[in-house]
A.B. asks: 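This structure is in structure tokens; I'll ask about it shortly.
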Amino acid sequence: MKRFTKHLDTYFNADDPCRDELIKHTKLRQGKRGQIYCREDESRPYWCYVLDGRIGAYETKLKKPYLHWIATEGNYFTGTKHEYSFNSQDLNIQFLKKSTIACIPLTVLQELQDQYPSMHHFVSIMRQRKSDFFNKKGLIMAQEARDRSAKLKELMPALWHSLNNKLLSQFLYIDPKTIYRNRK
């Protein structure tokens with residue numbers, strides 16, 4: 001919990017009562033690589049902040065695995081469509097490597113946002129990060145398949161360097177051979 005508290009110190013004053021409420025309702029969860037957090041037909045009504053590791057969401061209805069999004073340290077995801085929904089998002093969410101997440105029930109998150117401007121501000125910052133991620137992902141996916149790897153390296157260099165070839169090909173939805181050629 002100390003690690004989560006340290007992350008919160010970036011966004012909340014130490015004397016902010018919201019920070020204490022948030023900590024009180026948070027459960028830490030660890031997962032190993034490949035472990036499923038939530039299946040496509042499940043709803044897991046939690047807002048999850050990634051303390052370390054990497055979590056990803058797979059689209060399962062395509063011919064080959066497509067890694068729709070990745071949440072890394074300092075980012076969040078939900079086990080539902082979004083933080084105001086209790087419906088499944090039709091994606092398999094799984095741990096891409098050994099990871100630790102801080103899980104807050106969505107009902108608590110919503111209450112804290114209504115009650116504390118600092119919580120609303122924190123969630124707004126997290127939403128903006130997610131929006132930035134998807135804007136960049138859109139620019140990457142608009143490229144021809146052979147150019148996606150270079151665009152990922154340009155727009156998200158930390159992610160490009162941290163993913164192995166298999167995850168890169170799933171994230172970019174391209175043949176692994178294209179990754180091997182582009183990494184040379």
Side-chain angles (χ1 to χ4, degrees), residues 7 29-103 106 122-184:
H7 277 262
R29 177 167 181 194
Q30 292 187 322
K32 10 179 221 199
R33 185 172 60 91
Q35 184 178 341
I36 300 289
Y37 172 78
C38 185
R39 296 195 186 287
E40 74 218 21
D41 56 350
E42 289 180 308
S43 172
R44 203 152 282 172
Y46 289 91
W47 189 89
C48 303
Y49 184 88
V50 181
L51 293 172
D52 65 60
R54 198 169 31 245
I55 316 305
Y58 282 95
E59 171 64 53
T60 59
K61 293 177 175 66
L62 300 172
K63 291 179 184 174
K64 59 184 180 182
Y66 174 56
L67 191 48
H68 181 58
W69 57 255
I70 296 173
T72 57
E73 181 180 333
N75 293 287
Y76 83 97
F77 66 94
T78 62
T80 59
K81 287 185 179 181
H82 51 78
E83 57 265 20
Y84 291 103
S85 170
F86 292 91
N87 298 322
S88 106
Q89 60 176 311
D90 297 328
L91 297 168
N92 267 355
I93 301 172
Q94 74 181 64
F95 294 88
L96 299 178
K97 67 183 280 190
K98 184 179 175 188
S99 305
T100 306
I101 56 177
C103 302
L106 287 179
F122 173 60
V123 172
S124 294
I125 290 169
M126 294 294 106
R127 269 196 220 116
Q128 185 60 51
R129 281 188 187 172
K130 186 176 257 190
S131 177
D132 291 347
F133 171 88
F134 279 112
N135 287 339
K136 289 176 184 176
K137 177 88 187 258
L139 291 172
I140 292 163
M141 296 308 288
Q143 304 295 310
E144 294 293 327
R146 68 181 179 278
D147 300 324
R148 289 181 193 158
S149 181
K151 195 67 168 176
L152 175 65
K153 187 176 182 182
E154 174 192 331
L155 297 178
M156 299 180 188
L159 192 59
W160 187 85
H161 287 291
S162 69
L163 298 177
N164 63 32
N165 289 342
K166 179 182 176 186
L167 291 174
L168 276 173
S169 70
Q170 292 172 347
F171 185 68
L172 298 172
Y173 204 60
I174 57 178
D175 189 293
K177 292 175 188 168
T178 305
I179 297 293
Y180 292 116
R181 283 193 294 272
N182 287 343
R183 283 229 177 195
K184 288 181 181 178

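Source: prediction; values computed, not measured. Numbering starts at 1 and runs along the sequence shown.
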A.B. asks: What closest approach, in Å, do Y37 and G79 show between heavy atoms, and which atom pair accounts for it?
C.D. replies: CE2-CA, 4.2 Å
A.B. asks: Return yes if some donor-acceptor pair links the side-chain N/O of S99 with the main-chain N/O of K97 below 3.5 Å, else return no.
C.D. replies: yes
A.B. asks: Looking at the rings of F171 and Y66, which for Trp means the six-membered one, are their centres under 6.0 Å apart?
C.D. replies: no
A.B. asks: Decide yes or no for L163 and R54: does some side-chain heavy atom of the first lie under 4.5 Å from some side-chain heavy atom of the second?
C.D. replies: yes
A.B. asks: Measure from the ring center of Y76 to the ring center of W69 and say whether it is less than 6.0 Å.
C.D. replies: no
A.B. asks: Tell me, with the steps shown, if F133 and L159 meet side-chain contact (heavy atoms from CB on, under 4.5 Å).
C.D. replies: CA-CA 11 Å; F133 171 88; L159 192 59; 4.2 Å; yes
A.B. asks: How long is the gap from CD1 on I93 to SG on C48, to the nearest 0.5 Å?
C.D. replies: 8.0 Å
A.B. asks: Roughly how far, to the nearest 0.5 Å, is CD of E59 from CD of Q170?
C.D. replies: 13.0 Å
A.B. asks: What is the distance from atom CG of N135 to atom NZ of K130, rounded to the nearest 0.5 Å?
C.D. replies: 13.0 Å
A.B. asks: What heavy-atom pair brings Y173 and K63 nearest, and what distance separates the two atoms?
C.D. replies: OH-N, 4.0 Å
A.B. asks: Please round to the nearest 0.5 Å and tell me the distance separating atom CD1 of I55 and atom CD of E73.
C.D. replies: 11.5 Å
A.B. asks: Is there a side-chain contact between L106 and T78 (heavy atoms, below 4.5 Å)?
C.D. replies: yes
A.B. asks: Answer yes or no: is there a side-chain heavy-atom contact under 4.5 Å between F77 and Y46?
C.D. replies: no
A.B. asks: Around atom NZ of K32, are there more than 12 heavy atoms from other residues, nucleotides or ligands closer than 6.0 Å?
C.D. replies: no
A.B. asks: Do S149 and L172 come within less than 4.5 Å of each other through their side chains, counting heavy atoms only?
C.D. replies: yes
A.B. asks: When rounded to the nearest 0.5 angstrom, what is the spacing between CG in D52 and OG1 in T100?
C.D. replies: 4.0 Å
A.B. asks: Are H68 and Y58 close enough that a side-chain donor and a side-chain acceptor fall under 3.5 Å?
C.D. replies: no
A.B. asks: Any side-chain heavy atom of N75 sitting closer than 4.5 Å to one from Y49?
C.D. replies: no
A.B. asks: Flag the pair K137 / M141 as yes when at least one side-chain heavy-atom distance between them is below 4.5 Å, and no otherwise.
C.D. replies: yes
A.B. asks: If the threshold is 4.0 Å, N to carboxylate O, is there a salt bridge linking E42 and R39?
C.D. replies: no
A.B. asks: Taking all heavy atoms of C103 and all of R29, pick out the closest pair and write down the distance.
C.D. replies: SG-CB, 4.2 Å
A.B. asks: Locate the shortest heavy-atom distance separating L67 from L96; write the atom from each residue and the value.
C.D. replies: CD2-CD1, 4.0 Å
A.B. asks: Could you tell me which non-hydrogen atom of K151 sits nearest to which non-hydrogen atom of L139, and how far apart they are?
C.D. replies: CG-O, 4.3 Å
A.B. asks: Would you indicate whether the side-chain heavy atoms of F95 and Q35 approach each other to under 4.5 Å?
C.D. replies: yes
A.B. asks: Have a look at M156 and tell me which of I140, T72, I70, D132 forms a side-chain contact (heavy atoms from CB on, under 4.5 Å) with it.
C.D. replies: I140
A.B. asks: How many angstroms lie between CZ in R148 and CD in E144, if you round to the nearest 0.5 Å?
C.D. replies: 8.0 Å
